[in-house]
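These notes are about the structure you will find just below.
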Amino acid sequence: MHPYPFELRNLNWNINDTDKGDLMESIQLQASVNGLKGEIEIPGDKSISHRSVMFGSIAKGITRVTNFLPGDDCLSTISCFRKLGVKIEENQDELIIHGNGFEGLQEPNEILDVGNSGTTIRLLLGILAGRPFFSSLVGDHSIGKRPMTRVTEPLKTMGAQIDGRKNGAYTPISIRGGHLNPIHYQLPVASAQVKSALILAGLQAEGESTIIETAETRDHTERMIRKFGGVVETNNRVITVKGGQTLEASDIHVPGDISSAAFFLVAGAIVPKSEILLKNVGLNPTRTGIIEVMQKMGADLEISLHDDDSFEPTGDITIRTSNLRGTVIEGDLIPRLIDEIPIIALLATQAEGKTVIKDAEELKVKETNRIDTVVVELTKLGAKIEATDDGMIITGGSTLHGGTVSSHGDHRIGMMLAIAALLCNDTVTLENPSAIAVSYPNFFTHLNDLK
Ligand code: S3P
């Protein structure tokens, strides 16, 4: 028996000049699992890591960030803020950001490249909307297909000059910011990125802005404003923020990312004879939808909350092999687990009965169309899963087999397929696994640490 869950073979790098912009690299995963056992220190939260760089840059003074996620997306955020004139030092175990307030940002000489990161471009547009200079933003092939109108339209209403492909709907996007009027705006979609962009613009507007959410989304921006000494009021999905605030530097310890922990929560639940301890997982209630769903499905899961005064709640989670039943996932729960739906779909293939996921149209505008990519790729491995207009229906109890699958350049699809491979007797060839580095660069190391 091989001592590790995976034997990793044939790491091929065939870089083709495809117009998809994808790396045609592939990895062969041959599972050899006799229960996943051990503990994993969950890497820093992606959403909070982005915001720590942004807030450190727009605050006054020195912000030290520990447990920062060195994933490709967060490195794109660092690179953009450096081009905006912010000094950011990367040490072994901390990031040191020398912020000079909103006014300290300078017109970039170079194009701001956000890579694959939707959070970087949307929040950055909110910050740049109030800055009296010109910037030009691009991203990768996936970013070029993701809708930006949801941020560019309200920011134009506030007074920013924005243009881009299809009238500012898609990258490349140019922005010349300046004086901003406050906004009173009902968000048309449940999106923390749009909400955060408008809050960041609102912090620079003349007067008080009100943003109303359709459903509660992650509140890391609001928590971070308070951590940096600012004021933002939140009352029953209504967010109020005054312009002209000065933020003060603050040290940040980034909690582990529940969206990364999700892959091991599911692996522990579906691989026979497993018990995994996941340490330092962020447990912000706007992100814990996956835990509620797993509990409802019958997962053998224990949480031990940390008793600290951290600005974001954290805890340890133990997961054991579980007998699962299908469920319905819909409504206000969707934004609280939106990034976990690919791995929840895999979980559902191993449950008894049907799982229905609805109200999740937003999946179509993520790094890939995640309704399509999840259904196409899991079907290749033998899952019974069908796409619907706003989600998917999964019939549980499938035995998965090997095959050739692709991440489609989407980190969460890649990791979901690698976890699926743990259930397959035959080899799974995963194309473009390098996308995983977007949010979890040491994913395979952590997986192979489980014995
Ligand atoms: C994020 C918000 C979500 C999420 C994304 C990160 C954030 O996107 O899917 O991975 O950091 O604010 P939307 O706001 O588009 O729903």
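First listed ligand is number 1; within each ligand, the first listed atom is number 1. Since this is a predicted model, take the numbers as computed values, not measurements.
Pairing each heavy atom of P108 with each of F134, the nearest pair is CD-O, 3.6 Å. The shortest non-hydrogen separation linking L265 to M294 is O-CE, 3.5 Å.
R370 and E377 are not joined by a salt bridge, as no carboxylate oxygen comes within less than 4.0 angstrom of a charged side-chain nitrogen.
Of the candidates Q193, E367, H411, it is Q193 that places a heavy atom closest to atom 2 (C) of ligand 1. Considering each of R51, H220, R370, the one bringing a non-hydrogen atom nearest atom 7 (C) of ligand 1 is R51.
At least one N/O-N/O distance between S191 and ligand 1 falls below 3.5 Å. Remark: ligand 1 and K366 share an N or O pair separated by less than 3.5 Å (distance only, no angle test). Here's the thing with I338: none of its N/O atoms is less than 3.5 angstrom from an N/O atom of ligand 1. Considering backbone and side-chain N/O atoms, S47 comes within less than 3.5 Å of an N/O atom of ligand 1. On a distance-only criterion, S196 and ligand 1 share no N/O pair closer than 3.5 Å.
At a cut-off of 3.5 Å, with distance as the only test, a side-chain donor of S439 or H411 sits close to an acceptor on the other residue. If you check the side chains of Q193 and T119, you find a donor sitting under 3.5 Å from an acceptor.
Counting atoms of ligand 1 from 1 in the listed order, those under 4.0 Å from a heavy atom of D339 are 4 (C), 5 (C), 9 (O), 10 (O). Close contacts of ligand 1 with T119, meaning ligand atoms under 4.0 Å from a residue heavy atom, involve 1 (C), 6 (C), 7 (C), 11 (O). Numbered from 1 in the order shown, with element, the atoms of ligand 1 that lie under 4.0 Å from a heavy atom of A192 read 12 (O), 14 (O).
Considering only residues two or more places apart in sequence or on other chains, D219 meets the side-chain hydrogen bond (donor to acceptor under 3.5 Å, both in side chains) condition with R223, N284.
Distance check: I96 CD1 to D251 CG gives 9.5 Å after rounding to the nearest 0.5 Å.
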